[in-house]
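Below is one structure; the comments refer to it alone.
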Amino acid sequence: MTTSTASAQAANRTGFDEWPTLRLYQRECGQQSFPVVNLVYLQSETNYTWLNWKDGKRMLMPRTLKFYEPKLPNQFFFRLHRNCLVNARYILDVERDQTGAYVVLTTGERLSISRRRWTTIKRMVDSYTN
């Protein structure tokens, strides 16, 4: 069983209906709700956060990563680095080489994992495969 399949099965156990929505304000559209289940990862950039969605859309929001973290289901969102949170549902694999450690996402992107968090992330990802 692949990691993404295991993650999807774990997410299905809680039911996607139980996942929260994020209420975000966009200048052109006003306030909207977005399903957290489609959020692949969040990456901070000073006092802003990039929200990266399953459909490839990216949104830059004027809030810190610390603002979004408590709004996400912590059993599925892992902090890879001080500036990155990822949805376990979209992790395919974890890799380690001489340049560092990475998670490989279903979108094809690779995100770095801090050295300090490597064992924790590896253990969490492995728990979804079992």
Side-chain angles (χ1 to χ4, degrees):
M1 180 182 330
T2 66
T3 304
S4 62
T5 305
S7 298
Q9 287 175 350
N12 282 332
R13 281 195 299 265
T14 62
F16 293 136
D17 298 337
E18 297 172 20
W19 282 50
T21 58
L22 278 178
R23 294 196 43 83
L24 304 171
Y25 177 81
Q26 293 182 301
R27 189 177 293 170
E28 57 278 343
C29 308
Q31 184 118 4
Q32 290 185 316
S33 291
F34 294 89
V36 170
V37 72
N38 294 330
L39 185 57
V40 179
Y41 68 97
L42 300 87
Q43 199 158 31
S44 70
E45 192 170 302
T46 60
N47 288 330
Y48 293 86
T49 301
W50 282 102
L51 305 177
N52 298 276
W53 301 92
K54 181 172 113 176
D55 62 2
K57 187 187 296 186
R58 294 182 77 206
M59 299 166 61
L60 183 63
M61 301 304 293
R63 301 274 188 179
T64 63
L65 196 57
K66 191 175 181 178
F67 172 82
Y68 292 105
E69 192 168 16
K71 298 178 182 326
L72 304 171
N74 63 356
Q75 68 269 31
F76 296 106
F77 280 85
F78 303 150
R79 190 176 277 270
L80 299 180
H81 213 272
R82 68 178 177 186
N83 69 348
C84 188
L85 279 167
V86 67
N87 187 340
R89 184 170 176 256
Y90 296 99
I91 296 175
L92 277 179
D93 198 11
V94 289
E95 297 177 350
R96 194 172 199 178
D97 60 21
Q98 54 273 35
T99 61
Y102 304 91
V103 292
V104 180
L105 302 177
T106 57
T107 60
E109 296 172 275
R110 290 176 57 181
L111 302 173
S112 64
I113 303 171
S114 72
R115 284 177 287 158
R116 199 175 74 199
R117 298 182 202 269
W118 161 254
T119 54
T120 305
I121 297 300
K122 178 76 170 136
R123 196 175 312 120
M124 287 176 171
V125 171
D126 287 346
S127 73
Y128 283 103
T129 60
N130 296 332

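Remember, it's a predicted structure, so these values are computed and weren't measured experimentally.
Among all heavy-atom pairs drawn from Ser112 and Leu80, the shortest one is O-CB, 3.7 Å. Here the shortest heavy-atom pairing between Ile121 and Phe78 reads CD1-CB, 3.7 Å. Scanning all heavy atoms of the two residues, the minimum distance from Asn38 to Tyr90 falls at CA-OH, 3.6 Å.
Although no hydrogens or angles enter the test, the distance criterion places no donor-acceptor pair under 3.5 Å between the side chain of Asn74 and the main chain of Phe77.
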Practice prompt. Walk me through it: do Trp53 and Leu39 pass the test side-chain contact (heavy atoms from CB on, under 4.5 Å)?
Written response: CA-CA 5 Å; Trp53 301 92; Leu39 185 57; 3.7 Å; yes
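In the hydrophobic cluster analysis, where Ile, Leu, Val, Met, Phe, Trp and Tyr join through side-chain heavy atoms closer than 4.5 angstrom, Leu111 is grouped apart from Trp50.
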Which pairs would a plain distance check flag for residues 61-69, meaning a side-chain donor or acceptor within less than 3.5 Å of a matching protein atom at least two apart in sequence or in another chain?
unit_1	atom_1	unit_2	atom_2	d
Thr64	OG1	Phe67	N	3.4
Glu69	OE1	Arg79	NH2	2.7

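Side chains of Asn87 and Val40 form no contact here, defined as non-hydrogen atoms less than 4.5 Å apart. Annotation: side chain of Phe76 is not in contact with side chain of Val36 (no heavy-atom distance under 4.5 Å).
A side-chain contact (heavy atoms from CB on, under 4.5 Å) with Val86 is found for one member of Ile113, Asn52, Leu105, Val125 and no other, namely Leu105.
Separation of atoms CG (Leu92) and CD (Glu109) is listed at 11.5 Å; rounding is to 0.5 Å. Here the CZ atom belonging to Arg82 is positioned 10.0 Å from the CZ atom belonging to Arg116, to the nearest 0.5 angstrom.
Partners of Trp118 by ring pair (Phe, Tyr, Trp, His ring centres under 6.0 Å), not counting sequence neighbours: none found.
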